Structures are given as structure tokens and as C-alpha cells.
Amino acid sequence: MPDASDSILPDYQGLPRPVTRFAPSPTGYLHIGGARTALFNYLYARRHGGTFLLRIEDTDRARSTEDAIGKILDGMAWLGLDADRPPLFQFARADRHAAIAHRLLAEGRAYRCYATAQELEAMREAQKAKGLPQRYDGRWRGRTDWPEGQPYVVRLQAPQDGETVIDDQVQGRVRQANGELDDFVLLRSDGTPTYMLAVVVDDHDMGVSHVIRGDDHLTNTFRQLALIRALGWPEPVYAHVPMIHGPDGAKLSKRHGALGVEAYRDEMGILPEALENYLLRLGWAHGDTELVARAEAAKLFDLDGVGRSPGRFDLKKLESVNAHYLKLADNGRLAGLAAPRMEALLGRELSDSQRDLLLRSMDELKPRAKNLNELAGSALFLVRSRPLPMDEGAAKLLDDAGLKLLGEVKAALEAAPQWEREALEATAKQVAEAAGLGLGKVAGPLRAALTGQTASPSVFAILALLGREESLGRITDALK
Ligand code: GLU
């Protein structure tokens, strides 16, 4: 017998409160808006010593796929948004949802509706013609003249009088006249639960105390509250967070660019802590601090800091936050993230010694990159085979005058007593002074020879990193 009791699931009893949850529908990817919702729920629970839960709302069987579930779990793991319990899968609980609908039927708080699709269509047409709002008119309320063997849906007998008031933690006090509520469907004619029923039952059964979600759900909340009240269950605290908009102010959509977090990770080379910090600030403020890392956010985050107007997604800003976290990131981690991108660009694997060079170079490379693609691209010169390809600007630096200087530098470097950054720089300075030129004039051709580029980290750092043999070899190539 499916359970229609008021008890919450054993695994969820006695959880530290507040209990929040993220409840994505697995229909594609982990949307960045969803990621932000997850983050707010996570941080709220951490901030107040509560529990963060995950529920996969996989009731839309046509659109929910294993692949999409995998992407959500993967995205959450990447962002480090670990739930305190294994995920609850909504579809598996359809019997429990149905049992609750039948309980409401038995209690006279819900009723059978036998109206056919055509009949409902005609009802809406008539309402439209009269300029009335189109909603179910309660034609099967209170009736018991049930046609035998006909399919029916179960509808909630929603309150008609008074109003419902929500003290939303973000939106403030919002109200709706109950007359605007329709007797919405709880169970479809095939016995499957609707989203509205499933959400309410699952939130109750998981002991959820705080529902923090996108403000696109605000209108659903009035219906969900009507259902919760019919069941006599405790009402959660609600917080409806404004949607993320694109730079043009329209609701974020595909045409604004990537929507799934994996695109930020894979295609754009964003670090998870950067995406997290960016999403946090896009909708929440603590003074005008831009950079708030996880540990601090978990101490500071609260719903009163969540703004009421939609944040505008700004890729430039995300990249500047990313640049900040790249500078802070561990070199070994960054080398591990850059290496596969370099291998993809080169079409070959890096050797152990090249990986080692990449790691040793990281302090020079990471302050100059806004994302992992740039980091990988900026490291390629380190591992290219000789003779190096020259870009146009570099080739220009190696004109007659440049080559003459380079020859002089080469001779001085060959004679340098020590192959060490400061000493090498002092050597190059002497060459520049002897020629009556600034150091930059000497560094230009040297950089071109060592990297094939006009922009790079300090040439003296590069000389030291590449080592004597490779450096002099590259210079010799350029002089040929
Ligand atoms: N599954 C819903 C969604 O992805 C969220 C439901 C909720 O947060 O209550 O939009």
C-alpha cells in the first residue's frame, strides 16, 4: 500500500536545519542560472549550519535523459556543490505522489474531474470570447455523478475566498487573491502526478524548510501553498531569486552564448571557483566586494543580500574574475589543466620534460592569462620543436638591426658565467648599454628568437626556464 502519511522519509529525518534543496529538471545541461540557484541553496545551508539536498526532477520522461542527469551531477561536482545526501529521483516516487492525491480525494479536498479535452477547449474559447481569464471553472466540484469506466483527472479543491500572502525572503511581501487560483490538476488521467504535486510532496518528504529558486516559479508558489495547506503540512520559507539576463537586458538565452556550465569549463577555460564567485556576485552583494571565495561566502551569504533586479551576464567581468583565480591557483593544477589543451593544439602529446617545463614556467604564465585557453596558447612556445615558427611581428623584429643586436647578445650570453635570470638580465643590459640602446631594444629580437612571438613573459625568465642549450639553439636558429 503506497504511503499517504505525514511522515518524512527516514533518510531525511532530523537533518540540521535550515534544509535547502536544488531541484533541477535534467533536460540538457546544468544551466548557469541553475548553477547559481544551487550555489545560493548550498551557501545558505552552509551559512546557517543546515543541510543542502539535491533532487532530480526527472518526471518529464520524454525530455529527461541519463546523459542530462550525468551532466548535472558532473557540473555540480565540478563546482564543488556537494549535497549532504545522495540525490532523490522524483520519478521513482510517483506512487507516493499518487497516494497523496488519493488521500486528498478521500478527505474531500480534491475531486475527480471527467471533463474531456474538447470540453475544456470549448470552455476556454467561451471565456476568451467574454474577455474572462481562461481557467478551469470548477465544473466537477462537489459532483458524484461519475460516469462509469471513464478516465478522470484529480483536481485540488483550491480556496476561492481571501488571499494568499507570501513573505518572500527576496521579493518581499507578495499576495494573490485566491479567486485567481484554479482547481489545478494533481493526477493526470493515466494516474501520473503533475509537477505541482510532485514538488510539494517531495519537499515535504525531504524535510525542506527553505525553497530558494528562480522567480519564474513565483506563480507556482501560490498553487503549491494551497496544496500544502490542504495537506496541513508545514509551509517552507520561500525566496525567489531574479533570473539572469543577457547584456542586452533580455532573459538569458542561447543567443547570448553558452548556457551550460560545461561550456564555461571546456570551451571557455573558466575555473570553477571563478564561475562560482561570478555567479554569486551576479545577484548577491556584500558591500561592493567583488572577490569572495567559497570559505568567506559560506560565512557571509544571506538572503537579504540577494537583489530584486535581474543580474546581467557579462563575459568580460567573468574573465576578469577568472584571471584573478588563475593567479591564485596551484601551479600543478594549472599545468594539469593546460597540458591537454596544449596537446590538442599541437596534435601530439607532451613529454615528461615538457610537462616539467610547463610546471616550472607557471608562475610566469598564469598572471598573463584570462582563461585556460590563453594559458595553454601562451605556453606553446615552450614546447615547440626547433626551428620555431615565427609570427609576423616577431619576424619584423629580426630585421638587419635586430639580428645584429641578437648576435651581440648571443655572444654575451655564451660568455655569461652563470645561467640564471638576474645574471642573464645584467648581461643583456651591458649589451644594450654598449650599443647605446634601451634594454627593450635588445629584448625585442631576443624574445622573437626565443618564442617566435612579440608578447611573452620576461625574456630573462624564459632564458632561465629554457636553459642554456635550448636558448642558445633558438637564438642560433634565428640568426641563420
Ligand atoms: N525542476 C524545476 C526547474 O528545474 C525546479 C522546481 C523547484 O525548484 O521547485 O525549474
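Nothing fancy with the numbering, it's 1 onward along the sequence. Just so we're clear, the structure is a prediction, and the values are computed from it rather than from any experiment.
- Two residues are said to be in side-chain contact when any heavy atoms from C-beta on lie closer than 4.5 Å; Leu187 and Thr192 fail this criterion.
- Not less than 6.0 angstrom separates the ring centroid of Tyr136 from the ring centroid of Phe184.
- Side-chain contact between Arg141 and Asp183 is present, with at least one heavy-atom pair separated by less than 4.5 Å.
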I'd like to know whether Asp190 forms a salt bridge (charged side-chain N to carboxylate O under 4.0 Å, His left out) with Arg188, so could you lay out the CA-CA distance, the side-chain angles of the two residues, the decisive distance to 0.1 Å, and finally the verdict.
CA-CA 5 Å; Asp190 63 1; Arg188 301 187 190 90; 5.2 Å; no
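- The number of heavy-atom neighbours closer than 6.0 Å to CD of Glu392, taken from other residues, nucleotides and ligands shown, is 12 or below.
- A centroid separation of less than 6.0 Å is found between the aromatic rings of Tyr114 and Trp140.
- Side-chain rings of Tyr42 and Phe22 stay apart, their centers remaining 6.0 Å or farther from each other.
- Contact of the Leu382 side chain with the Leu365 side chain is registered, since non-hydrogen atoms from C-beta on lie closer than 4.5 Å.
- In this structure, CG in Leu43 is found 6.5 Å from CZ in Arg294, a value given to the nearest 0.5 Å.
- Inter-residue side-chain proximity for Arg281 and Glu290 is flagged as met; some heavy-atom pair is nearer than 4.5 Å.
- Within the 4.5 Å cutoff, the side chain of Tyr195 has no heavy atoms near those of the Asp60 side chain.
- Between the side chain of Thr451 and the backbone N or O of Gln453, at least one donor-acceptor pair lies under 3.5 Å.
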For Asp205 and Arg93: C-alpha separation, side-chain torsions, deciding distance, then whether side-chain contact (heavy atoms from CB on, under 4.5 Å) applies.
CA-CA 11 Å; Asp205 290 5; Arg93 295 175 29 83; 2.6 Å; yes
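- Note that Arg112 lies in the cation-pi zone of Tyr152, set by a 6.0 Å cut-off to the ring centre and a 45° limit from the axis.
- The side-chain hydrogen bond (donor to acceptor under 3.5 Å, both in side chains) with His240 is formed by just one residue from the set His217, Arg308, Arg213; it is Arg213.
- Aromatic pair His210/Tyr44: centroids less than 6.0 angstrom apart.
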Step by step, would you call Asn331 with Asp363 a side-chain contact (heavy atoms from CB on, under 4.5 Å)?
CA-CA 7 Å; Asn331 289 349; Asp363 277 334; 3.2 Å; yes
